[in-house]
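Take a look at the structure set out below.
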Amino acid sequence: MSEYRINEGMEVTLHFTLKLEDGTVVDSTRDKQPATFQVGDGNLPPGFEAPLTGLTDGETGSYTISPEHAFGQHNPQNVQRIPRESFENTELEEGLVMSFADAAGGEVPGVIAEIDDKQVAVDFNHPLAGRTLTFEVEVIEVRPATTH
(Lines give C-alpha, C1' and ligand atoms only; values in the text may rest on other atoms or scores of the structure.)
Protein backbone atom coordinates (compact mmCIF):
# COMPACT_ATOMS: atom_id res chain seq x y z
CA MET A 1 0.00 0.00 0.00
CA SER A 2 1.42 3.36 -1.00
CA GLU A 3 1.41 6.33 1.34
CA TYR A 4 0.99 8.51 -1.74
CA ARG A 5 -2.38 9.78 -2.88
CA ILE A 6 -3.35 11.34 -6.19
CA ASN A 7 -2.70 15.08 -6.02
CA GLU A 8 -0.56 17.83 -7.62
CA GLY A 9 2.98 16.70 -8.28
CA MET A 10 2.11 13.02 -8.43
CA GLU A 11 2.62 10.59 -11.29
CA VAL A 12 -0.27 8.17 -11.63
CA THR A 13 -0.47 4.83 -13.39
CA LEU A 14 -3.99 3.52 -13.84
CA HIS A 15 -6.34 1.52 -15.98
CA PHE A 16 -9.41 3.36 -17.20
CA THR A 17 -12.54 2.72 -19.20
CA LEU A 18 -14.54 5.57 -20.70
CA LYS A 19 -18.19 4.85 -21.53
CA LEU A 20 -21.11 6.70 -23.10
CA GLU A 21 -24.48 7.01 -21.37
CA ASP A 22 -25.66 3.76 -22.96
CA GLY A 23 -22.63 1.80 -21.75
CA THR A 24 -20.76 1.82 -25.08
CA VAL A 25 -17.02 1.76 -24.39
CA VAL A 26 -15.29 4.72 -26.10
CA ASP A 27 -11.78 4.09 -24.83
CA SER A 28 -10.13 1.69 -22.43
CA THR A 29 -6.67 0.61 -21.34
CA ARG A 30 -7.98 -2.71 -20.04
CA ASP A 31 -6.65 -4.70 -23.00
CA LYS A 32 -3.34 -2.84 -23.24
CA GLN A 33 -0.76 -0.96 -21.18
CA PRO A 34 -2.13 1.12 -18.31
CA ALA A 35 -1.97 4.90 -18.72
CA THR A 36 0.63 6.97 -16.86
CA PHE A 37 0.35 10.73 -16.48
CA GLN A 38 1.35 13.53 -14.15
CA VAL A 39 -1.45 15.32 -12.36
CA GLY A 40 -1.94 18.65 -14.11
CA ASP A 41 0.12 17.81 -17.22
CA GLY A 42 -2.88 18.25 -19.52
CA ASN A 43 -3.12 14.61 -20.58
CA LEU A 44 -6.39 14.30 -18.71
CA PRO A 45 -9.00 17.08 -18.80
CA PRO A 46 -9.31 18.66 -15.32
CA GLY A 47 -12.82 17.22 -14.99
CA PHE A 48 -11.32 13.73 -15.18
CA GLU A 49 -8.49 14.49 -12.74
CA ALA A 50 -10.62 16.13 -10.05
CA PRO A 51 -12.57 13.03 -8.93
CA LEU A 52 -9.35 11.00 -8.68
CA THR A 53 -7.79 13.31 -6.05
CA GLY A 54 -7.01 11.38 -2.89
CA LEU A 55 -7.09 7.88 -4.38
CA THR A 56 -4.14 5.57 -3.80
CA ASP A 57 -2.74 2.27 -5.13
CA GLY A 58 -5.34 -0.43 -5.65
CA GLU A 59 -8.37 1.81 -5.27
CA THR A 60 -11.10 1.94 -7.91
CA GLY A 61 -13.84 4.38 -8.74
CA SER A 62 -16.56 5.12 -11.24
CA TYR A 63 -17.43 8.74 -11.97
CA THR A 64 -20.03 10.47 -14.08
CA ILE A 65 -18.41 13.36 -15.95
CA SER A 66 -20.75 16.04 -17.32
CA PRO A 67 -20.04 17.58 -20.75
CA GLU A 68 -18.77 20.80 -19.11
CA HIS A 69 -16.09 18.81 -17.30
CA ALA A 70 -15.34 16.45 -20.17
CA PHE A 71 -15.14 17.73 -23.75
CA GLY A 72 -17.51 20.69 -23.54
CA GLN A 73 -20.97 21.25 -24.91
CA HIS A 74 -21.62 20.83 -28.61
CA ASN A 75 -21.07 24.30 -30.11
CA PRO A 76 -23.03 25.05 -33.30
CA GLN A 77 -20.39 27.66 -34.22
CA ASN A 78 -17.90 24.81 -34.59
CA VAL A 79 -19.89 23.46 -37.52
CA GLN A 80 -18.59 25.08 -40.69
CA ARG A 81 -19.98 25.01 -44.22
CA ILE A 82 -17.34 24.46 -46.86
CA PRO A 83 -18.02 24.70 -50.62
CA ARG A 84 -18.63 21.29 -52.18
CA GLU A 85 -15.95 21.88 -54.83
CA SER A 86 -13.29 22.00 -52.09
CA PHE A 87 -13.81 18.26 -51.81
CA GLU A 88 -13.20 17.37 -55.46
CA ASN A 89 -12.10 13.77 -55.92
CA THR A 90 -12.97 12.93 -52.31
CA GLU A 91 -15.42 10.18 -51.48
CA LEU A 92 -17.67 11.89 -48.92
CA GLU A 93 -20.10 10.31 -46.55
CA GLU A 94 -21.78 11.57 -43.41
CA GLY A 95 -19.91 10.54 -40.28
CA LEU A 96 -16.55 10.42 -42.08
CA VAL A 97 -13.71 11.93 -40.03
CA MET A 98 -11.26 13.98 -42.11
CA SER A 99 -8.20 16.03 -41.27
CA PHE A 100 -8.23 19.76 -41.99
CA ALA A 101 -5.55 22.42 -41.66
CA ASP A 102 -6.20 25.06 -39.01
CA ALA A 103 -5.08 28.69 -39.14
CA ALA A 104 -1.80 27.86 -37.41
CA GLY A 105 -0.99 25.13 -39.92
CA GLY A 106 -1.79 22.31 -37.51
CA GLU A 107 -4.23 19.51 -38.20
CA VAL A 108 -7.76 19.44 -36.88
CA PRO A 109 -10.16 16.52 -37.19
CA GLY A 110 -13.61 17.32 -38.56
CA VAL A 111 -16.64 15.09 -39.02
CA ILE A 112 -18.67 15.34 -42.22
CA ALA A 113 -22.09 16.19 -40.80
CA GLU A 114 -24.16 16.96 -43.91
CA ILE A 115 -23.65 17.00 -47.66
CA ASP A 116 -25.64 18.75 -50.36
CA ASP A 117 -24.92 19.84 -53.94
CA LYS A 118 -23.31 23.12 -52.96
CA GLN A 119 -21.91 22.72 -49.45
CA VAL A 120 -20.51 20.26 -46.96
CA ALA A 121 -21.13 20.86 -43.26
CA VAL A 122 -18.10 19.86 -41.21
CA ASP A 123 -18.40 19.51 -37.44
CA PHE A 124 -15.19 20.51 -35.65
CA ASN A 125 -16.56 19.83 -32.16
CA HIS A 126 -14.79 17.09 -30.21
CA PRO A 127 -16.60 13.83 -31.07
CA LEU A 128 -17.55 13.48 -27.39
CA ALA A 129 -18.75 17.10 -26.99
CA GLY A 130 -22.15 17.27 -25.33
CA ARG A 131 -21.87 13.73 -23.97
CA THR A 132 -22.05 12.71 -20.33
CA LEU A 133 -19.37 10.09 -19.79
CA THR A 134 -18.69 7.40 -17.22
CA PHE A 135 -15.05 7.27 -16.20
CA GLU A 136 -14.05 4.04 -14.45
CA VAL A 137 -10.56 3.80 -12.98
CA GLU A 138 -8.36 1.32 -11.20
CA VAL A 139 -5.32 3.00 -9.66
CA ILE A 140 -2.19 0.89 -10.05
CA GLU A 141 0.49 3.19 -8.67
CA VAL A 142 0.82 6.72 -7.29
CA ARG A 143 4.33 8.13 -6.83
CA PRO A 144 5.99 11.55 -6.76
CA ALA A 145 6.61 12.81 -10.28
CA THR A 146 10.25 12.98 -11.25
CA THR A 147 11.35 16.12 -13.01
CA HIS A 148 13.81 15.63 -15.83
Side-chain angles (χ1 to χ4, degrees), residues 1-82 86-87 90-115 119-148:
M1 192 70 169
S2 166
E3 72 268 33
Y4 297 115
R5 295 192 171 273
I6 296 177
N7 214 322
E8 285 295 322
M10 290 292 160
E11 184 174 277
V12 182
T13 301
L14 51 70
H15 269 300
F16 73 87
T17 302
L18 196 58
K19 296 178 178 173
L20 299 177
E21 300 94 327
D22 65 5
T24 303
V25 174
V26 180
D27 194 7
S28 178
T29 59
R30 283 280 167 208
D31 49 0
K32 43 189 191 257
Q33 290 289 323
T36 298
F37 67 96
Q38 279 185 30
V39 175
D41 69 1
N43 275 323
L44 273 188
F48 290 88
E49 280 186 356
L52 304 180
T53 301
L55 293 181
T56 190
D57 300 11
E59 293 189 325
T60 60
S62 180
Y63 310 96
T64 300
I65 315 282
S66 66
E68 296 77 16
H69 293 106
F71 296 99
Q73 290 292 2
H74 189 271
N75 182 348
Q77 291 180 326
N78 290 341
V79 179
Q80 295 180 13
R81 299 198 169 275
I82 299 171
S86 300
F87 293 94
T90 308
E91 287 273 326
L92 288 181
E93 57 182 84
E94 289 182 14
L96 181 71
V97 178
M98 294 181 69
S99 193
F100 295 85
D102 66 12
E107 288 198 1
V108 188
V111 178
I112 306 300
E114 202 180 306
I115 306 164
Q119 292 185 320
V120 177
V122 182
D123 188 343
F124 289 102
N125 284 288
H126 187 284
L128 297 173
R131 305 300 290 260
T132 296
L133 303 168
T134 300
F135 185 48
E136 297 173 354
V137 297
E138 175 193 352
V139 179
I140 296 166
E141 186 182 13
V142 181
R143 63 181 178 272
T146 50
T147 49
H148 298 292

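- With hydrogens and angles ignored, the 3.5 Å screen pairs a side-chain donor or acceptor of H15 with a backbone N or O of T29.
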task = Starting from the C-alpha separation in whole Å, work towards a yes-or-no answer on side-chain contact (heavy atoms from CB on, under 4.5 Å) for V111 and V122.
result = CA-CA 5 Å; V111 178; V122 182; over 6 Å; no

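- Using a 30° and 60° split on the angle between ring planes, F135 and Y63 fall in the tilted class, from 30° to 60°.
- Scanning both residues, I65 and G47, for their nearest heavy atoms gives CD1-O, 3.4 Å.
- In this structure, OG1 in T64 is found 10.0 Å from CD in E21, a value given to the nearest 0.5 Å.
- Taking all atoms of both residues into account, the shortest heavy-atom contact from L44 to E49 is CB-CG, 3.8 Å.
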request  = Could you walk me through whether V39 and N7 pass side-chain contact (heavy atoms from CB on, under 4.5 Å), step by step?
outcome  = CA-CA 6 Å; V39 175; N7 214 322; 5.8 Å; no

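- A 4.5 Å side-chain heavy-atom check between R81 and E114 finds at least one atom pair inside the cut-off.
- Taking both residues in full, the closest heavy atoms of L14 and V12 are given as CD2-CG1, 3.8 Å, listed atom of the first, atom of the second, then distance.
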query = ring pair (Phe, Tyr, Trp, His ring centres under 6.0 Å) between F124 and F100: does it pass, once the steps are laid out?
reply = CA-CA 9 Å; F124 289 102; F100 295 85; 5.2 Å; yes

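- For the side chain to side chain contact (heavy atoms under 4.5 Å, CB included) with I112, the lone residue among T90, I82, L96 that qualifies is L96.
- The line from NE2 of H69 to OG1 of T132 is 11.5 Å long, rounded to the nearest 0.5 Å.
- Checked for salt-bridge contact, E136 and R30 miss the test: no charged N lies under 4.0 Å from a carboxylate O.
- Counting heavy atoms from C-beta outward, R143 and T13 have side chains that approach closer than 4.5 Å.
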